[in-house]
Amino acid sequence: MQHSNIFDYKNYRYFKLAVIVILIALLAFLLFEPAVGHYGGSWLGYGLGTLSAAMVFWMAWYGIRKRRYRSRGNTQGWLSAHIYLGTAMTVIATLHSGFHFGLNIHSLTYGLLLIVVTSGFFGNYAYMIYPRLMTENMGEDSLDGLLLRIAETDKLARQIALMMPDDINNIVTRACRETSIGVSLLEQLRGFQPDCPSATVVRQLTVLGGELSLEQRKLYRDLYSIMVRRESLVKRARQDLMFRARMGFWLYFHVPFTVALLTAMVAHVIAIFFYW
Amino acid sequence: MVTTLAPNIVQKTSSKTGIVTPKHFKLIIIGAGPSGLSAAVHATEQNVSYLLLEAEEAPANTIRNYQRGKLVMAEPRGLPLRSPLPFTAALRETVLDTWEKTIAEYRVNVRYGAKVVGLRRNTKSLEVELADGSLLSADHVVLAVGVQGNLRKLDIPGGDLPQIQYQLDDPQAYQEETIVVIGGGDSGVENALALTGRNQVIILNRAEDFSNCKDSNLSQLTDAHMKGVLDWLLETKPQSIEQNSTGEFPITVFASTPNGVERIPCHRVIARLGALPSRAQLESFGIGFSAPDLEALPQLSAHYESSVPSLYIIGALAGYPLIKQGINQGYEVIEYILGNPVEPADNALLREKFANFCSDRGVEDVLEKIRKSVPLLAMLNTLQLRELVLESNILLAKAGDVIFKRNDYSTTFYLIIEGELDVLIDDDGAPDATLKAGEFFGELALVSGRRRAGTVRASAPCVLIETPRRVMQKLIDSVQSMRRILNEVAIKTIVHLCIGLSLSEEDLNDVANNATLKSYAAGEELFHEGDEADGLYLIQSGSVTVSRLIGGREVVLLYVAAGHYVGEMSLVSGEPRYATVRAAIATDAVLIEAGRMRDIIARNPEIRGELDARYLQHLQDQENRQQLETAFDSKASIATQSTPSNLISFLIQQGVGEATDVLLIDESLCVRCNHCEQACADTHGGATRLDRDAGPIFANIRVPTSCRHCEHPHCMKDCPPDAIHRAPHGEVYIDDSCIGCGNCQVNCPYDVIQMAVIHDQPEPSLWQMLLGIKPKSLAVVDGPKVAVKCDMCKDIVDGPVCVRACPVGAALRVKPEELLSYAGGTSGEATLLGSDGN
């Protein structure tokens with residue numbers, strides 16, 4: 001399908017805009033050296049600072065805009081601009097600082113800005129990679145559907161295992177009981193369970209099939225294929241949860257640090273006008 | 001209601017009548033159905049002394065015997081209700097409630113459980129005998145007993161077993177039973193459908209198909225049969241029913257099928273065999289019939305008076321099966337009895353229609369003028385003409401007024417009573433044809449459901465009749481000669497449109513008269529690669545795909561929509577068919593034979609040039625697409641399944657072929673944020689009309705559960721209040737008049753319509769949004785559920801919010817004509833004609 005994503009939206013309109021903004025800021029920085037030298041308090045510094053502050057507020061407004069469904073225009077355009085102009089902002093803020101850093105509220109603000117932008121980069125990466133992987137993993141299935149099917153195989157496997165020797169019954173029951181799917185954030189993010197009982201049981205079943213009666217042998221084959229199917233279902237469910245977690249995880253940094261940045265920035269501006 | 005009466009009882013009663021002096025009324029009404037109730041209520045209004053007799057213990061038993069929750073229709077739509085008895089299309093329960101209230105309010109003088117067993121005329125009055133032996137007399141009697149009191153019963157051994165019933169009251173009452181439904185009419189099919197899901201249902205139909213059913217019932221039935229929840233036996237008659245002493249099933253039905261006798265053990269038999277006027281009884285009353293056969297109607301005067309003086313017959317028994325007709329007759333019959341002249345119920349409405357047109361003449365006069373000025377209407381009988389005019393608009397246009405524009409999606413049909421109009425097909429502004437009084441236009445959009453092929457503009461002051469598609473469709477279905485003429489003209493129009501702009505009138509007529517109209521089911525081939533060329537196919541309705549065998553598999557090269565043609569390549573080159581053409585959905589095509597076509601080409605160098613140019617263009621397009629296909633093929637093995645042509649095949653399977661506009665989700669971009677659904681719900685009364693998560697996927701493209709805005713919307717087929725419309729740009733939407741019957745939900749093959757309570761969503765304020773507070777909804781008093789579906793945000797500036805709310809550009813809307821360029825990334829034209837610049 002040929003249509004634009006957030007990066008090449010309207011033929012890279014916002015990329016071009018960001019480049020222009022950066023070039024103008026750089027040019028100004030190189031051409032005009034204020035008498036007091038490059039720092040935030042010079043007229044150029046004030047100019048770049050005001051621009052940066054306005055841009056920070058505008059970037060933060062995106063969070064509101066995308067939930068205002070009755071506004072006009074495309075959210076896609078806003079996101080494209082958010083990404084490119086957000087990136088350009090780091091350059092402008094750096095020029096605004098005039099490369100003066102220290103242990104103070106001003107550099108803290110700058111640091112927070114970098115964290116917010118960097119986490120945004122992770123977001124871009126996640127949005128580029130994971131949607132495709134998620135579709136490949138799930139196809140037309142939904143997570144709920146998978147969990148339901150796992151529950152069904154559990155039931156079936158337990159029933160068959162009851163007719164099996166104790167050792168087989170034990171490992172099957174254990175697998176059904178102890179398999180966990182994305183219970184903690186850590187497990188969700190890494191997408192697997194160490195020593196996963198569902199995988200173990202498949203491995204163990206291959207060696208336990210030795211002393212079975214003729215009737216049990218047929219059931220054993222059924223049980224084996226059920227457990228193999230179950231293992232792949234469990235894997236897919238974990239993968240899906242992992243993709244979801246990774247695709248959303250960066251927001252745990254991006255949003256709180258944006259709030260912190262806004263606070264620090266307000267403090268930074270107040271500090272300048274009252275205590276300079 | 002009345003049941004059959006043995007003639008010997010009449011004998012007995014007649015010998016008794018001399019002894020008792022009957023109680024006398026001015027009027028006795030027999031049967032408290034809609035017609036009888038209406039008569040009684042109006043009689044109350046007019047202070048006539050009357051008595052209403054009802055055999056059962058409650059009024060309106062035919063409707064009471066409908067299954068629970070069934071929608072009672074108020075057809076014909078255009079007919080006004082003139083009786084004080086209220087009636088609109090509503091659920092069975094609502095209708096019954098309203099009538100009970102009316103009976104109480106008017107203090108209707110009704111006697112329940114009063115079964116009439118005899119009726120005789122003596123010199124002065126009519127005498128009525130009841131089953132309890134009492135006698136009544138009246139100056140006038142109105143018989144409004146309907147036909148349902150005389151249901152056809154199973155006349156076979158075992159037909160009287162307790163497990164056999166002739167109506168279904170509450171389908172929910174039966175769970176996990178095997179039920180045999182006998183009868184393939186609407187009532188049988190409706191009962192069977194209501195029982196599916198919880199029961200095993202088998203329909204026995206003595207006919208070879210269900211062609212007597214309403215369209216909606218038929219499609220639901222076929223659907224249920226395909227899903228395997230219902231079974232049917234055709235050309236099958238029950239022979240006998242036996243009681244089983246042991247086993248799970250209490251009875252066994254023995255039925256003769258084309259393959260011999262079948263044993264069907266079951267719990268219950270529901271026989272819906274229709275109903276008949278109880279002829280024997282009516283004849284014993286002295287009523288004459290128009291013909292000897294069982295279905296014949298009683299002889300009636302224009303005032304509903306039967307062959308027995310002062311005995312009137314109204315409603316279903318008189319041959320008017322619709323409730324509204326019966327109710328109006330109830331009113332009219334009272335007026336007749338009082339000696340007041342009554343004009344037909346729809347006259348007032350017609351007069352209103354004619355307010356701007358010949359308002360100085362009588363309604364009948366104007367109708368006659370209309371009939372005379374438009375030959376097409378001469379085929380209709382007076383009732384049909386009245387209905388057509390009632391449902392249509394009378395349109396007065398000044399010279400220069402545009403009636404519709406090219407590429408509009410409107411589907412109404414126009415008849416010209418007076419005046420003249422120009423047709424503009426291309427962009428040069430010069431008229432390509434003129435239309436005169438007595439002619440009609442708009443038949444192509446009526447047939448194809450596609451955009452208008454040309455602009456029509458009045459060149460002189462005009463009077464037009466604008467008729468909705470639904471009404472025309474109904475007329476075409478019932479009046480064969482009208483269908484034939486419309487088809488002929490539609491063929492001529494499409495020929496003119498596709499190839500004939502430069503053709504002489506004579507040639508055009510010659511081609512049109514010799515063209516044949518062919519119909520194809522979805523998936524059927526128009527012609528096959530390698531076949532001898534048999535002619536040129538003009539697609540009149542539906543759409544087709546053009547495909548070739550490349551590397552051993554069928555590759556779709558083109559998608560061609562109605563209003564365009566296929567098959568010209570072999571005609572020009574003289575070689576066998578270059579590709580296979582297959583109907584994407586049910587398609588009608590006009591075939592012009594090869595010989596005739598070559599003849600025309602030889603005589604018309606302009607057409608030759610046009611076809612040649614198209615031929616070269618095609619070669620170029622197809623070459624490009626084949627390059628693309630092979631390029632895809634040579635990549636890794638996973639890529640082979642996601643070539644553009646496979647994607648097109650997939651989308652056509654998903655119904656895109658009959659779509660106007662379909663929502664797709666690019667799953668390789670979608671971050672599953674659900675803003676599309678939330679935006680939809682937020683702007684559409686709290687109910688989202690798309691389900692992002694559900695729907696088939698192919699090559700990263702998901703077709704979510706969301707309206708495709710079909711060319712011939714399935715949802716529009718059976719909408720009692722006519723609440724579903726198509727906007728000029730193709731959007732199919734449901735207006736406020738929805739009554740929540742759910743027909744459209746059932747009829748939609750794509751499951752995109754749902755029933756929901758709609759309440760306006762206030763937009764959250766900034767603070768509410770920041771703090772995550774849900775805005776306080778307006779007080780919702782459990783409103784009624786109505787049908788909701790995508791309206792393509794036709795009332796929202798900037799267009800569909802689902803697409804605009806998507807932050808990553810994964811949601812996109814596609815028209816089928818754009819499929820190829822979307823799927824393949826080529827600049828190639830998607831349609832063969834491709835010139836209408838959609």
Side-chain angles (χ1 to χ4, degrees), chain A residues 1-10 60-83 123-145 240-241 243-248 250-251 255 259 262, chain B residues 638 642 644 647 651 664-673 675-684 693-702 761 763-764 766 768-770 772 796-799 801-814 818-819 821-827:
Chain A
M1 284 273 159
Q2 303 291 307
H3 53 100
S4 57
N5 58 30
I6 37 180
F7 300 110
D8 59 8
Y9 180 78
K10 298 250 166 158
W61 182 253
Y62 169 75
I64 307 280
R65 167 59 184 79
K66 72 169 176 182
R67 290 177 180 81
R68 297 203 134 184
Y69 303 122
R70 282 165 229 207
S71 34
R72 300 187 55 177
N74 281 324
T75 313
Q76 195 192 359
W78 274 75
L79 181 55
S80 189
H82 181 84
I83 291 169
N124 279 338
Y125 172 78
Y127 278 14
M128 263 171 6
I129 301 297
Y130 292 122
R132 186 180 296 275
L133 293 177
M134 283 176 89
T135 314
E136 277 168 19
N137 179 45
M138 293 299 271
E140 287 168 21
D141 293 328
S142 67
L143 184 62
D144 288 343
D240 193 55
L241 275 171
F243 292 136
R244 279 166 197 250
R246 291 189 184 177
M247 206 157 66
W250 63 278
L251 278 169
V255 176
V259 177
L262 286 172
Chain B
I638 33 160
S642 57
L647 180 56
L651 290 174
L664 301 177
I665 307 273
D666 186 337
E667 293 276 304
S668 66
L669 293 179
C670 174
V671 295
R672 279 75 168 167
C673 65
H675 278 306
C676 47
E677 285 187 21
Q678 283 163 19
C680 184
D682 185 58
T683 47
H684 291 89
D693 219 9
I697 301 185
F698 183 87
N700 272 323
I701 298 299
R702 189 194 284 272
Q761 300 286 303
E763 179 159 34
L766 190 58
Q768 285 169 328
M769 208 176 276
L770 281 177
I796 296 177
V797 205
D798 278 7
V801 287
C802 51
V803 172
R804 289 193 295 117
C806 178
V808 291
L812 56 148
R813 289 197 160 267
V814 176
E818 299 163 354
L819 267 187
S821 49
Y822 265 114
T826 63
S827 57

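All chains are named by letter (A, B, ...) in the order of the sequence lines, taking the proteins before the strands, and each is independently numbered beginning at 1. This one's a predicted model, so the numbers in the text were calculated from it and none came from an experiment.
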Gap separating the CG atom of Asp798(B) from the CG atom of Asn74(A), nearest 0.5 angstrom: 7.5 Å
From Arg672(B) atom CZ to Leu143(A) atom CG, the distance as rounded to the nearest 0.5 Å: 12.0 Å
Heavy-atom closest pair, residues Ser668(B) and Pro131(A): O-CB, 3.4 Å
Rounded distance (nearest 0.5 Å) linking atom CD of Glu667(B) with atom CE of Met134(A): 9.0 Å
Portion of Ser80(A) that has a non-hydrogen atom of chain B nearer than 4.5 angstrom: neither
Main-chain N/O of Pro696(B) paired to Glu140(A) side chain as donor or acceptor, under 3.5 Å: no
Tyr69(A) side, atom OH; Cys802(B) side, atom SG - distance, nearest 0.5 Å: 12.5 Å
Portion of Phe243(A) that has a non-hydrogen atom of chain B nearer than 4.5 angstrom: neither
Residue Arg68(A) versus chain B: region with a heavy atom under 4.5 Å: both
Best-contacting candidate, Arg70(A), Met247(A), Arg67(A), against chain B by heavy atom pairs under 4.5 angstrom: Arg70(A)
Closest-packed option against chain A by number of heavy-atom pairs under 4.5 Å, given Val801(B), Val797(B), Val803(B), Val808(B): Val808(B)
Distance (rounded to the nearest 0.5 Å) between Arg132(A) CZ and Asp666(B) CG: 7.5 Å
Contact winner vs chain B - Gly73(A), Gly63(A), Gly139(A), heavy-atom pairs under 4.5 Å: Gly73(A)
